[in-house]
Amino acid sequence: MNEPSLAPRVERNETSETKPVAPLKAAAIRRDWTVAEARGLYELPLFELIDRARALHVAHHGPSEVQLCTLLSVKTGGCPEDCAYCPQSSHHETNVAPEKMLDEAAVLDAARRAKDAGSTRFCMGAAWREVKDGPAFERVLGMVRGVKSLGLEACCTLGMLTPEQAQRLKEAGLDAYNHNLDTSRDNYRSIISTRTFDERLSTLRAVRSAGISVCSGGIIGMGESIDDRCSMLVELARLDPHPESVPINALVRVAGTPLEALPPVDPVEFVRMIATARVMMPSSMVRLSAGRSELSRETQLLCMYAGANSIFYGDRLLTTGNPGCDEDRELLKTAGARPLAPAL
Ligand code: SAM
Ligand code: DTB
Ligand code: SF4
């Protein structure tokens with residue numbers, strides 16, 4: 001990642017005196033944001049917030065590059081956790097039926113198709129509370145090796161991990177692990193009762209210690225307050241270093257989940273959330289994640305202008321829909337944006 005140089009830059013002013021000037025990037029990387037400061041950003045006049053986010057975005061990233069990541073659910077449904085948003089929880093009656101785990105060949109076919117369509121990262125998801133050692137985990141390790149052999153970045157999201165399991169994923173070639181904080185520490189219990197916020201942080205530590213990139217973000221539109229949103233960003237920005245990727249999802253309201261009847265996220269709130277994440281974590285990839293099917297092209301482009309530089313690409317997320325590849329290629333073309341090359 002492009003971590004900043006900490007060497008002070010010296011600039012000459014008009015009278016030839018010298019004064020040290022904090023480099024923009026170094027000044028921008030902070031891990032001590034407070035909720036009040038985050039909220040101060042979130043509630044700035046919209047154009048001022050976007051201006052600040054854009055300036056940091058272009059200082060740290062290609063201004064017109066967007067990472068394309070494709071998701072595949074390798075083990076769908078029947079999850080013992082009770083996450084209120086999730087159609088795969090066995091606590092809710094949704095139209096997602098539990099399925100057997102996919103075999104390696106089916107996953108590699110999907111990965112090949114994703115690569116042919118232009119994706120550079122392939123993320124495999126399992127509806128598990130945690131990884132259990134044994135044949136299913138061995139199969140995931142085989143999938144990771146296979147995805148890597150295709151020249152794609154490999155990512156997994158499998159629930160909680162021990163440090164040893166994280167190490168084995170690293171040895172198989174895993175580039176990134178997705179494990180979201182999802183909401184603020186205070187709001188966590190109202191969304192999930194079967195695990196704790198601290199358990200989430202502990203898996204993120206295991207991932208980091210194994211040398212795997214951290215992908216962690218959350219969901220808006222679950223009835224949380226603005227302080228909850230800001231507090232989640234503060235927690236993410238406390239991680240050292242910041243997560244390499246920060247997915248920001250808008251709740252996909254799935255029939256049969258306890259959150260099905262909530263109102264949709266106001267698109268401008270989505271833009272504010274992305275922009276605030278960009279300002280607080282300037283060198284991270286910020287991913288405009290679930291919820292794009294309900295956003296206009298213009299809102300998606302504004303999110304990208306305000307700091308989003310990664311999307312899920314492909315007509316499915318895990319169990320719900322996403323804009324199709326043709327539509328997304330057209331969207332990027334409209335903006336003159338380019339897919340980001342894989343970081344291999
Ligand atoms: N079971 C693993 C876990 O929870 O970490 C991995 C898969 S889980 C489906 C991955 C993430 O998908 C969740 O943390 C959540 O952020 C996101 N997600 C699930 N259902 C969603 C929904 N209806 N809307 C938006 N995001 C959702
Ligand atoms: C993330 O933050 N969003 C993705 C990915 N990480 C695994 C998942 C979105 C899931 C949306 C609901 C579904 O399709 O099941
Ligand atoms: Fe299970 Fe993950 Fe869905 Fe929670 S979010 S119910 S842990 S699949």
Side-chain angles (χ1 to χ4, degrees), residues 1 3 29-33 35 38 67 69 71 79 81 83 85-86 121 123-133 137 140-141 144 153-189 191-220 224 228-249 273 276-278 280-287 289-290 310 318 343:
M1 289 303 296
E3 278 292 302
I29 301 279
R30 283 184 50 193
R31 302 198 163 77
D32 60 352
W33 292 97
V35 176
Q67 181 192 40
C69 314
L71 277 172
C79 183
E81 300 278 59
C83 311
Y85 48 80
C86 186
R121 175 177 284 199
C123 181
M124 294 159 275
W128 290 335
R129 168 178 164 75
E130 73 238 306
V131 168
K132 296 198 174 82
D133 292 327
F137 185 40
V140 170
L141 295 171
V144 170
E153 291 176 32
C155 172
C156 279
T157 180
L158 313 167
M160 292 186 261
L161 288 182
T162 63
E164 294 72 29
Q165 291 165 339
Q167 195 54 50
R168 292 203 65 204
L169 284 164
K170 173 71 183 174
E171 284 157 14
L174 192 74
D175 294 291
Y177 195 80
N178 168 246
H179 200 67
N180 291 338
L181 295 185
D182 282 322
T183 190
S184 68
R185 180 183 282 278
D186 286 349
N187 194 39
Y188 206 76
R189 276 173 300 272
I191 301 294
I192 303 154
S193 78
T194 49
R195 61 166 186 253
T196 65
F197 195 79
D198 285 319
E199 284 175 312
R200 277 327 246 186
L201 291 173
S202 148
T203 291
L204 291 178
R205 274 193 297 274
V207 169
R208 180 67 83 203
S209 305
I212 298 170
S213 285
V214 167
C215 171
S216 189
I219 307 177
I220 64 170
E224 73 286 339
D228 286 318
R229 292 176 189 171
C230 292
S231 165
M232 180 184 86
L233 293 178
V234 165
E235 292 276 359
L236 291 166
R238 268 197 198 157
L239 299 176
D240 187 6
H242 289 165
E244 281 77 6
S245 309
V246 180
I248 304 293
N249 297 274
M273 188 68 183
T276 307
R278 168 54 66 227
M280 291 172 67
M281 292 170 278
S283 66
S284 304
M285 302 297 291
V286 174
R287 185 170 306 122
S289 301
S310 175
L318 291 172

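These numbers come from the heavy atoms of this one structure, side chains and all, not from hydrogens, waters or symmetry mates.
Shortest non-hydrogen contact noted between Val234 and Trp33 is CG1-O, 3.3 Å. Between Leu236 and Gly217, the shortest heavy-atom contact is CD1-CA, 3.8 Å. Between Ser310 and Gln67, the closest heavy-atom pair is OG-OE1, 2.8 Å. Val140 and Trp128 get closest at one heavy-atom pair: CG2-CH2, 3.9 Å. When every heavy atom of Ser184 is checked against every heavy atom of Asp228, the shortest pair comes out as OG-OD1, 2.7 Å.
Here the NZ-CE distance, from Lys132 to Met160, works out to 9.5 Å after rounding to the nearest 0.5 Å. For the atom pair OG1 of Thr183 and CD1 of Ile192, the computed distance is 8.0 Å after rounding to the nearest 0.5 Å. Rounding to the nearest 0.5 angstrom, the gap separating the CG atom in Leu233 from the CD1 atom in Ile248 is 5.5 Å. Interatomic distance, Leu318 CG to Cys123 SG, rounded to the nearest 0.5 Å: 7.5 Å.
Side-chain contact check for Met285 versus Cys215: every heavy-atom pair is 4.5 Å or farther apart. In this structure the side chain of Arg278 never reaches within 4.5 angstrom of the side chain of Val246, judged on heavy atoms. Under the 4.5 Å side-chain criterion, counting only non-hydrogen atoms from C-beta, Leu201 is in contact with Leu239. With a 4.5 Å cut-off on side-chain heavy atoms, His179 and Val207 do not count as touching. Counting heavy atoms from C-beta on, the side chains of Val144 and Leu141 never come closer than 4.5 Å. Inter-residue side-chain proximity for Asp175 and Ser213 is flagged as unmet; no heavy-atom pair is nearer than 4.5 Å. Using a 4.5 Å heavy-atom cutoff, the side chains of Asn180 and Thr157 are not in contact. Between Asp198 and Arg185 there is a side-chain heavy-atom pair separated by less than 4.5 Å.
At distances below 3.5 Å, at least one donor-acceptor pair connects side-chain atoms of Arg129 with backbone N or O atoms of Thr194. Checking side-chain atoms of Asn249 against main-chain N and O of Ala290 turns up a donor-acceptor pair under 3.5 Å. In this structure, the side chain of Glu235 does not engage the main chain of Met232 through any donor-acceptor pair within 3.5 Å. Of the possible donor and acceptor atoms, none in the side chain of Glu130 sits under 3.5 Å from a partner among the backbone N and O of Leu161.
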| said: Working note: Asp182 + Tyr85, criterion side-chain hydrogen bond (donor to acceptor under 3.5 Å, both in side chains); need CA distance, chi angles, decisive distance, verdict. | reply: CA-CA 10 Å; Asp182 282 322; Tyr85 48 80; 2.8 Å; yes
| task | Could you go through the side chain to side chain contact (heavy atoms under 4.5 Å, CB included) check for Glu81 and Cys86 one step at a time? | result | CA-CA 9 Å; Glu81 300 278 59; Cys86 186; over 6 Å; no
| task | Could you go through the side chain to side chain contact (heavy atoms under 4.5 Å, CB included) check for His242 and Met280 one step at a time? | result | CA-CA 9 Å; His242 289 165; Met280 291 172 67; over 6 Å; no
| query | side chain to side chain contact (heavy atoms under 4.5 Å, CB included) between Cys83 and Arg195: does it pass, once the steps are laid out? | reply | CA-CA 9 Å; Cys83 311; Arg195 61 166 186 253; 3.5 Å; yes
| Audit row: Leu181, Leu204, side chain to side chain contact (heavy atoms under 4.5 Å, CB included) steps and yes/no | CA-CA 9 Å; Leu181 295 185; Leu204 291 178; 4.0 Å; yes
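Checked against Asn178 for a side chain to side chain contact (heavy atoms under 4.5 Å, CB included), the options Pro247, Ser289, Ser245, Cys156 give a single hit: Pro247.
Remark: Tyr188 pairs with Phe197 by the ring-ring contact (aromatic ring centres under 6.0 Å, His included) rule, at least two apart or across chains. For Glu224, the salt bridge (charged side-chain N to carboxylate O under 4.0 Å, His left out) criterion is met by Arg229, not counting sequence neighbours.
A salt bridge is absent between Asp240 and Arg208; no separation between the charged side-chain nitrogens and carboxylate oxygens falls under 4.0 Å.
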